[in-house]
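Below: one structure, written as structure tokens.
All residue numbers in this chain count up from 1 along the given sequence.
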Amino acid sequence: MVSEKTLSLSTTCCIAGGGPAGMMIGLLLAKAGIDIIVLEKHNDFLRDFRGDTVHPSTMEIIHELGLLNDFLTLPHQKIFTLNGRVGDHNIAIADFTNLSVHAPFIAMMPQWDFLNFLKKHAENYPNFRLMMNAKITGLIKNDTHIMGVEGMINNQPFEINSDLVIGADGRHSIVHDQAQLPLKNYGVPIDVLWFRLSRKKDDPIQTAGRFIPGKIMVMINREDYWQCGYVIPKDEAIKIQKMGLENFHQCLIDIVPLLTDRVHELKDWDQIKLLTVKIDRLLRWYCPGLLCIGDAAHAMSPVGGVGINLAIQDAVAAANILIKPLQQKNLTLQHLKAIQKRRYWPVVFIQLLQLFLQKRIIFTVLNNARPFAIPLPLRLLNRWPFLRRLSGYIVGMGIRPEHIKK
């Protein structure tokens with residue numbers, strides 16, 4: 001029984017998670033006139049671990065919404081080609097300039113800006129509601145169906161009854177755990193130490209990955225600072241801490257000498273966060289009354305920065321299939337099954353590619369303390385422009401890019 005102090009709401013679709021997948025499908029369903037509540041457990045979108053790469057496939061969807069010009073007024077950096085530096089060699093990895101889209105580049109944009117952009121436009125629809133600081137603690141079930149969610153918002157319990165719950169609450173999804181959906185996990189040999197260092201006016205502009213024997217780091221240009229991801233072997237974060245902060249400073253200087261005059265900005269390990277890398281996917285993304293999309297259905301490696309864009313593709317595919325049955329109140333399990341069928345193999349392909357690259361390039365570099373030859377896949381990409389265009393399509397557009405149905 002609901003107590004007098006419990007906030008009780010009803011809606012057509014309750015979306016758990018205010019990340020890219022949750023906000024995009026919330027916008028699309030609200031645009032179609034469907035009542036939506038999106039639940040975000042934090043007070044704001046300011047999470048350092050959120051991805052920064054908005055790929056051409058996502059910007060093409062934003063164009064189809066008629067919002068691309070508005071989107072491109074937000075601060076961002078354009079990446080037309082993806083490059084890396086291996087030892088003393090600059091390597092071209094992917095070329096986006098030949099893509100037949102309205103924005104043939106990756107836009108490097110803090111994800112909180114992207115999410116606030118989606119929020120602003122979703123809130124133009126009166127049937128869209130975003131509840132911040134709303135933490136889901138469980139699912140409401142009967143014998144056969146998921147009927148909604150329960151949780152806490154600002155220390156007040158709530159219950160939301162809905163025709164459909166969409167789990168878009170990330171790789172540590174409470175929704176898919178509570179629904180006991182079967183999960184397959186793949187071993188990943190890396191983790192990432194995540195931190196920021198100041199950026200000077202005469203620093204390089206380009207976001208890039210850097211590879212030297214035994215060390216890999218990615219530096220993301222956020223205008224006045226570098227967001228840095230230092231790749232480490234899995235479960236070695238404690239070992240690195242025990243070696244001391246000065247030793248870590250020297251590791252950073254070894255891989256990026258440019259940082260010599262600023263590594264001491266890192267004065268405490270509290271400034272350096274551990275991002276645990278995982279690759280997994282649900283074998284079944286749905287059950288009666290519930291669907292998982294994005295990282296809640298398939299956690300991706302940061303390799304290629306494709307996770308946010310796969311989540312957006314999931315959201316568009318799901319909206320295309322769900323809008324009519326939600327409008328007509330005749331949603332069936334077959335509709336949910338059709339969403340997984342459409343998105344499952346594109347996800348499998350990208351995950352297998354990430355596992356291959358982690359094994360053949362990243363793991364090889366991290367476990368080779370001596371000078372090494374440039375890995376064959378990178379040599380081939382650097383030599384043959386048509387391969388860079390192919391990799392640009394795979395990274396930039398994905399497998400089976402989605403489009404908004406008219």
Side-chain angles (χ1 to χ4, degrees), residues 7-41 61 65 115 118-119 121-132 134-142 144-151 153 158-170 173-176 178-179 181 282 284-297 311-340 342-343 402 404-405:
L7 175 65
S8 182
L9 301 170
S10 295
T11 188
T12 301
C13 183
C14 179
I15 300 166
M23 293 301 292
M24 178 58 78
I25 197 168
L27 168 59
L28 294 175
L29 295 181
K31 187 173 184 289
I34 296 165
D35 288 334
I36 298 298
I37 295 177
V38 178
L39 304 174
E40 167 56 41
K41 67 180 180 180
I61 290 164
L65 285 167
L115 295 176
L118 295 177
K119 172 179 177 286
H121 289 284
E123 288 179 338
N124 289 331
Y125 302 100
N127 48 312
F128 175 90
R129 180 175 181 180
L130 172 63
M131 297 171 61
M132 305 297 287
K135 184 176 181 180
I136 293 173
T137 57
L139 300 175
I140 302 171
K141 310 174 186 179
N142 65 14
T144 60
H145 279 67
I146 304 300
M147 306 296 292
V149 301
E150 57 188 10
I153 180 167
F158 68 81
E159 289 187 355
I160 299 176
N161 292 283
S162 61
D163 297 340
L164 177 66
V165 173
I166 296 180
D169 51 338
S173 172
I174 292 174
V175 169
H176 82 217
Q178 289 276 323
L181 297 174
L282 295 177
R284 179 164 45 84
W285 298 11
Y286 59 89
C287 63
L290 182 141
L291 170 72
C292 289
I293 60 174
D295 277 3
I312 294 290
Q313 299 291 310
D314 287 356
V316 174
N320 287 340
I321 292 172
L322 290 173
I323 284 173
K324 188 174 180 179
L326 286 175
Q327 289 172 333
Q328 297 178 352
K329 300 291 184 179
N330 63 357
L331 180 69
T332 70
L333 203 62
Q334 292 306 309
H335 295 114
L336 306 182
K337 184 177 181 179
I339 295 166
Q340 177 176 342
R342 181 167 183 85
R343 295 304 306 158
E402 303 290 345
I404 298 172
K405 285 186 178 179

pair [X]-[Y]: side-chain heavy atoms closer than 4.5 Å:
{"X": "Leu7", "Y": "Glu159", "value": "no"}
{"X": "Gln328", "Y": "Asn330", "value": "yes"}
{"X": "Ile153", "Y": "Met131", "value": "yes"}
{"X": "Pro325", "Y": "Thr332", "value": "no"}
{"X": "Met24", "Y": "Leu65", "value": "yes"}

Quick one: [atom1] on [X] to [atom2] on [Y], what's the gap to the nearest 0.5 Å?
{"X": "Ser8", "Y": "Glu150", "atom1": "OG", "atom2": "CD", "answer": "11.5 Å"}
{"X": "Leu118", "Y": "Glu123", "atom1": "CG", "atom2": "CD", "answer": "11.0 Å"}
{"X": "Ile166", "Y": "Ile15", "atom1": "CD1", "atom2": "CD1", "answer": "5.0 Å"}
{"X": "Trp285", "Y": "Leu181", "atom1": "CH2", "atom2": "CG", "answer": "11.5 Å"}
{"X": "Leu28", "Y": "Met23", "atom1": "CG", "atom2": "CE", "answer": "11.0 Å"}
{"X": "Ile34", "Y": "Leu29", "atom1": "CD1", "atom2": "CG", "answer": "5.0 Å"}

- prompt: Which residues pass the salt bridge (Lys or Arg N to Asp or Glu O under 4.0 Å) test with Glu402, sequence neighbours left out?
  reply: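 For Glu402 the salt bridge (Lys or Arg N to Asp or Glu O under 4.0 Å) partners, ignoring immediate neighbours, are Arg342, Arg343.
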I'd like a table of donor-acceptor pairs (distance under 3.5 Å, sequence neighbours excluded) in which one partner is a side-chain atom from residues 315-324, with atom names and distances.
| unit_1 | atom_1 | unit_2 | atom_2 | d |
| --- | --- | --- | --- | --- |
| Asn320 | OD1 | Lys405 | N | 3.2 |
| Asn320 | ND2 | Val316 | O | 3.4 |
| Asn320 | ND2 | His403 | O | 2.9 |

Taking all non-hydrogen atoms of both residues, which atom of [X] and which atom of [Y] are closest, and how far apart?
{"X": "Ala21", "Y": "Gly294", "value": "CB-CA, 4.4 Å"}
{"X": "Leu39", "Y": "Cys14", "value": "CD1-SG, 3.7 Å"}
{"X": "Leu27", "Y": "Ala122", "value": "CD1-CA, 3.6 Å"}
{"X": "Ala179", "Y": "Leu139", "value": "N-CD1, 3.8 Å"}
{"X": "Thr11", "Y": "Ile36", "value": "OG1-N, 3.5 Å"}
{"X": "His176", "Y": "Cys292", "value": "CB-SG, 3.7 Å"}

[X] side chain to [Y] backbone, donor-acceptor under 3.5 Å:
{"X": "Asp169", "Y": "Val175", "result": "yes"}
{"X": "Asn161", "Y": "Gly148", "result": "no"}
{"X": "Asp35", "Y": "Thr12", "result": "no"}

- prompt: salt bridge (Lys or Arg N to Asp or Glu O under 4.0 Å): which pairs involve residues 9-28, sequence neighbours left out?
  reply: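 For residues 9-28, and leaving out neighbouring residues, there are no salt bridge (Lys or Arg N to Asp or Glu O under 4.0 Å) pairs at all.
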- request: Mind jotting down which residue pairs meet the salt bridge (Lys or Arg N to Asp or Glu O under 4.0 Å) criterion with at least one end in residues 326-340? Sequence neighbours excluded, please.
  value: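 Only Asp163-Lys329 qualify under salt bridge (Lys or Arg N to Asp or Glu O under 4.0 Å).
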- request: With sequence neighbours excluded, tell me which residues meet ring pair (Phe, Tyr, Trp, His ring centres under 6.0 Å) with His335.
  value: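 His335: no ring pair (Phe, Tyr, Trp, His ring centres under 6.0 Å) contacts found.
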Audit row: Leu164, Leu336, side-chain contact (heavy atoms from CB on, under 4.5 Å) steps and yes/no: CA-CA 10 Å; Leu164 177 66; Leu336 306 182; 4.1 Å; yes
message: Test of understanding: with side chain to side chain contact (heavy atoms under 4.5 Å, CB included), list the residues that count as partners of Asn142, not counting sequence neighbours.
response: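 Asn142 satisfies side chain to side chain contact (heavy atoms under 4.5 Å, CB included) with Thr144, His145, Met147 once adjacent residues are dropped.
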